[in-house]
**Student:** 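The structure that follows is given in the form of structure tokens.
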Amino acid sequence: MADAEEGRLERLTGMLKRRGIILPAFEIHGGAKGLYDFGPVGGRLRNKVNQAWLNHWISMGNIVELSCPTITPYAVLEASGHVGEFSDFMTNCNSCEEASRADTILEPHHPNPDSLTKSDLQQLLSDINPQCPACGASDWSPIVAQNLMFNTTIGAGKSGRPGFLRPETAQGMFTSFSSLYRHNRERLPFGAVQVGKGYRNEISPRQGMIRLREFNMAELEYFIDPEVNPEHDFSPWSSIQMNLLSETDGEITMSITDAVAKGIIRHPTVGLFMAKTFDFLTNIGIDSSKLRFRQHQSDEMAHYASDCWDVEILGSYGWVECVGIAHRGCYDLEAHEKATGKTLRARREFAQPKIVEIDGWTTDGATAGPAFRALAGAVKKAVEQLSSNCEFPTQVTLENGESVTVDLTHVKRVQRTETISGEWYIPHVVEPAFGIDRIIWHLLDHAYDESGKDGEEYVTLRLSESIAPVDYCVFPLFEKDGMGKLAKEIHRSLCSKFGTVSIYDASGSIGRRYARADEIGVPICITVDHQSLQDNTVTLRDRDSGKQSRISISEL
RNA sequence: GCGGAUAUGGUGAAGUGGUAUCAUAGGAGGUUUCCAACCUUUUGCCGGGGGUUCGACUCCCCCUAUCCGCACCA
């Protein structure tokens with residue numbers, strides 16, 4: 001990176017701190033790695049970005065907002081695969097306090113200890129009781145899962161259950177599937193969104209806002225029927241050329257519309273969310289020339305995913321992944337189904353009901369029960385597999401390999417016609433996942449303009465009006481002669497409007513006040529001057545053009 | 001986690017074994033009829049903990065944080 005660029009990064013970081021936008025957290029106690037504050041200006045900025053994001057998706061009409069806990073029971077993240085995929089099992093030597101990976105110290109005693117569950121690993125550790133590689137003792141503390149998730153205990157003492165701070169917001173939306181399904185009148189497609197905190201105990205957070213231990217994320221889970229070919233209207237994006245980095249075609253410039261038509265984007269719904277993500281990011285002020293979609297390589301994707309595109313944004317740290325849009329198949333709902341035994345499915349009605357002739361056998365509980373006792377259940381399963389022309393008595397083989405003789409007194413003929421009107425299936429999910437902090441970083445990076453006027457050093461933060469943290473600054477040209485009083489009245493009246501933030505500033509020269517406002521990206525400055533006292537008008541000064549216009553106070 | 005560098009007002013920097021200088025910013029007052037002007041005045045700093053020393057911001061050790069490589073990044 002060029003030296004000039006590095007200097008810019010330092011000046012930008014300094015400005016963000018000085019102006020109360022983004023600051024290292026807990027700094028008076030020495031700070032904490034990977035944790036940042038959004039300050040008096042940044043807090044509002046973050047909130048507006050979150051709101052813009054929520055509104056963007058909820059306006060689709062079939063997407064609802066959820067808010068799930070950040071504290072998550074162990075079982076939930078075990079089902080999702082995070083415990084297994086995301087952890088190392090650690091144990092401490094009780095003699096020398098040295099921490100070791102349980103699978104590593106058991107390697108000589110098991111072909112693949114990495115594949116064991118926690119309890120199996122604990123069992124093996126207790127059985128073998130290997131020597132500590134550091135001190136030679138054989139005294140190990142119980143195995144604990146240690147991974148990128150922050151673990152905690154839900155409840156106190158012996159009744160406490162293990163849990164984690166969530167590493168993503170998605171799982172709460174999967175576990176709420178039944179409620180979502182009912183709310184949406186059992187009709188797909190529908191989606192759920194959630195903005196909130198996620199936590200990952202990164203080994204080494206870096207690059208300021210880019211890798212955090214506690215971060216703001218925003219995820220959308222969009223549930224679809226895999227057998228329905230969606231007909232999305234891509235016409236709004238047909239003439240917008242996007243930068244695509246395709247797995248097969250490399251770097252190309254093409255509209256989303258064409259990329260879906262050509263199959264480069266493998267699923268139309270993934271394409272739709274890519275297009276809508278592009279709209280969102282450019283609407284809030286990301287420079288579209290510094291935005292690209294990068295398709296995951298097949299070996300880079302999770303095994304269950306069929307297509308995944310990252311949105312990468314170019315900023316002071318190079319190209320950074322800020323959004324991931326993944327087709328996750330039925331992986332997540334299926335995983336929670338398996339773990340809980342609950343049904344997480346949607347119903348699909350057939351165009352024509354299927355008529356099924358059932359002709360076979362089942363057991364007669366009154367006779368088979370006493371006859372087979374504990375085996376009766378298995379016998380019933382086996383009998384129901386028999387063909388309709390079976391003759392009794394007959395030998396059936398049970399699940400456990402045992403063979404029993406079943407005669408006619410144990411069974412009943414089943415003959416009926418069933419009409420099956422539909423079937424239950426596990427919906428597929430398309431998941432756009434946004435790193436809000438990274439997006440905010442790039443908004444600031446792209447908006448930060450030091451070009452100034454006449455070559456002087458002058459900073460303007462050219463934030464989009466939709467996310468600017470402060471909407472107005474109100475200045476009296478001078479505080480005397482009643483200008484201060486009138487300006488304060490205007491300021492209070494603006495603040496009382498829902499969702500509007502105004503700053504009153506009477507300190508320093510007018511030029512200095514404009515400069516302060518420009519540095520935090522205030523789009524409009526309102527100045528009360530002598531004429532205001534005569535005719536109740538004020539000047540509006542536009543941040544980006546510097547142009548002034550005069551309007552009546554009542555029109556504000 | 002490994003290697004290297006760094007840590008001084010809000011920000012950016014200078015400096016010293018005897019408590020600190022500069023620029024800028026902030027507050028108050030004055031001046032000023034619209035883009036960091038000027039005058040007066042004022043506020044505020046040696047990351048934390050140990051050690052050496054009569055005395056440590058300065059030297060040594062540990063910790064924390066920041067930056068740069070490497071490793072890690074579902």
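Note on naming: letters A, B, ... go to the chains in the order of the sequence lines (proteins, then strands), and numbering restarts at 1 for each one.
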**Student:** Give the rounded distance in Å between these two atoms: CD of A/Glu479 and P of B/rA28.
**Tutor:** 8 Å
**Student:** Distance between the P atoms of B/rG44 and B/rC38, in whole angstroms?
**Tutor:**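 Straight-line distance between the two P atoms is 24 Å.
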**Student:** Less than 6.0 angstrom separating the ring centers of A/Phe150 and A/Phe164, yes or no?
**Tutor:** no
**Student:** Please report the distance, rounded to the nearest Å, between CG in A/Leu212 and C1' in B/rC73.
**Tutor:**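 Going from A/Leu212 (CG) to B/rC73 (C1'), I get 13 Å.
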**Student:** Would you indicate which nucleotide in B/rC72, B/rU66, B/rG10 comes nearest to any side-chain atom of A/Lys33?
**Tutor:** B/rU66
**Student:** Taking only side-chain N and O atoms of A/Ser507, does any of them lie within less than 4.0 angstrom of OP1 or OP2 on B/rG26?
**Tutor:** no
**Student:** Check every atom of B/rU32, B/rU11, B/rC35 against the side chain of A/Lys480 and return the nucleotide holding the closest atom.
**Tutor:**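 Closest nucleotide to the A/Lys480 side chain: B/rU32.
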**Student:** Determine which bases of RNA chain B form Watson-Crick or G-U wobble pairs with both distances under 3.5 Å, and write the result as a 5' to 3' dot-bracket string with | for other-strand partners.
**Tutor:** (((((((..((((....[..)))).(((((.......)))))....(((((..]....))))))))))))....
**Student:** Do any side-chain nitrogens or oxygens of A/Ser509 fall under 4.0 Å of OP1 or OP2 in B/rA37?
**Tutor:** yes
**Student:** I'd like the C1' distance from B/rG51 over to B/rG3, given in whole Å.
**Tutor:**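 Each nucleotide's C1' atom is 27 Å from the other's.
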**Student:** Can you list the residues that meet the ring-ring contact (aromatic ring centres under 6.0 Å, His included) rule with A/His327, with sequence neighbours excluded?
**Tutor:**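 A/His267, A/His428.
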**Student:** Roughly how many Å apart are B/rG30 and B/rA37, using the C1' atom of each and rounding to a whole number?
**Tutor:** 14 Å
**Student:** Looking at A/Trp309, I'd like to know if the NZ or CZ of A/Arg294 sits under 6.0 Å from its six-membered ring centre while staying within 45 degrees of the ring's axis.
**Tutor:** no
**Student:** So, are A/Asp287 and A/Arg462 salt-bridged, with charged N and O less than 4.0 Å apart?
**Tutor:**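 Here A/Asp287 does not pair with A/Arg462 in a salt bridge, since their nearest N and O are not under 4.0 Å apart.
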**Student:** In whole Å, measure the gap between the C1' atoms of B/rC46 and B/rG15 for me.
**Tutor:**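 One C1' to the other, the span is 11 Å.
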**Student:** Figure out the CZ/P separation between A/Arg516 and B/rU24, and round it to whole Å.
**Tutor:**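 It works out to 15 Å between those atoms.
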**Student:** Could you go through the side-chain contact (heavy atoms from CB on, under 4.5 Å) check for A/Glu431 and A/Glu219 one step at a time?
**Tutor:** CA-CA 7 Å; A/Glu431 176 193 81; A/Glu219 291 181 301; 4.0 Å; yes
**Student:** What interatomic distance, in whole Å, is found between C1' of B/rA14 and the corresponding atom of B/rG55?
**Tutor:** 24 Å
**Student:** Rounded to the Å, how far apart are A/Leu12 CG and B/rC67 P?
**Tutor:** 13 Å
**Student:** Is A/Arg19 touching bases, backbone alone, or none of the nucleic acid, heavy atoms closer than 4.0 Å?
**Tutor:**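 Base: the residue A/Arg19, judged by heavy atoms under 4.0 Å, touches a nucleobase.
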**Student:** Between B/rG48 and B/rU8, how far apart are the two P atoms, rounded to whole Å?
**Tutor:** 11 Å
**Student:** Base, sugar-phosphate or nothing for A/Gly546? Non-hydrogen atoms, less than 4.0 Å.
**Tutor:** base
**Student:** Specify the separation, in whole Å, of atom CE of A/Met209 and atom C1' of B/rC67.
**Tutor:** 17 Å
**Student:** Can you sort out the partners of A/Glu519 under salt bridge (Lys or Arg N to Asp or Glu O under 4.0 Å), two or more places apart, ordered by chain and number?
**Tutor:** A/Arg18, A/Arg19
**Student:** Let's see if you can work this out: which of B/rC34, B/rU33, B/rC73 has an atom nearest to the side-chain heavy atoms of A/His530?
**Tutor:** B/rU33
**Student:** If you measure from CG on A/Leu16 to CG on A/Leu23, what distance do you get to the nearest 0.5 Å?
**Tutor:** 8.5 Å
**Student:** Would you measure the distance from the P atom in B/rU11 across to the matching atom in B/rC67 and give it in whole Å?
**Tutor:** 15 Å
**Student:** Using the side chain to side chain contact (heavy atoms under 4.5 Å, CB included) criterion, which residues pair with A/Val501? Sequence neighbours excluded.
**Tutor:**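 In terms of side chain to side chain contact (heavy atoms under 4.5 Å, CB included), with neighbours along the sequence ignored, A/Val501 is linked to A/Arg44, A/Val470, A/Asp471.
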**Student:** State which of B/rG26, B/rU32, B/rC35 makes the closest approach to the side chain of A/Phe478.
**Tutor:**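 Closest nucleotide among those given: B/rU32.
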**Student:** Only counting residues at least two apart or in another chain, list the ones meeting ring-ring contact (aromatic ring centres under 6.0 Å, His included) with A/His336.
**Tutor:** none
**Student:** Can you tell me how far P of B/rC34 sits from CG of A/Asp481, to the nearest Å?
**Tutor:**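 Computing the A/Asp481:CG to B/rC34:P distance gives 15 Å.
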**Student:** Which comes earlier along RNA chain B counting from the 5' end, the contact point of A/Glu168 or that of A/Gly508, where each point is its nearest nucleotide?
**Tutor:** A/Gly508
**Student:** Select base, sugar-phosphate, or nothing to describe what A/Glu519 touches, counting heavy atoms under 4.0 Å on all strands.
**Tutor:**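 Counting heavy atoms under 4.0 Å across all strands, the contact made by A/Glu519 includes a base.
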**Student:** Which listed nucleotide (B/rU66, B/rC34, B/rA36) is nearest to the side chain of A/Thr539?
**Tutor:** B/rC34
**Student:** In whole angstrom, give the distance that lies between atom CD of A/Gln207 and atom P of B/rA65.
**Tutor:** 17 Å
**Student:** Nearest to the side chain of A/Lys17, heavy atoms from C-beta on, is which of B/rU11, B/rC35, B/rG27?
**Tutor:** B/rU11
**Student:** Applying ring-ring contact (aromatic ring centres under 6.0 Å, His included), can you list everything that pairs with A/Tyr514, at least two apart in sequence or on another chain?
**Tutor:** A/Phe475
**Student:** Between A/Leu477 and A/Glu27, who's closer to the 5' end of RNA chain B by nearest nucleotide?
**Tutor:** A/Glu27
**Student:** Using a 90° cut-off around 0 for syn, call B/rU8 syn or anti.
**Tutor:** anti
**Student:** Please give the distance between the P atoms of B/rC68 and B/rA13 as a whole number of Å.
**Tutor:**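 About 15 Å, rounded to a whole number of Å.
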**Student:** What's the CD1-C1' distance between A/Ile210 and B/rC68, to the nearest Å?
**Tutor:**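 For the pair A/Ile210 CD1 and B/rC68 C1', the rounded distance is 16 Å.
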**Student:** What I want to check is whether an N or O donor and acceptor connect the side chain of A/Arg512 with the base of B/rC34 at under 3.5 Å.
**Tutor:**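 When only heavy-atom distances are counted, A/Arg512 does not reach the base of B/rC34 through any donor-acceptor pair under 3.5 Å.
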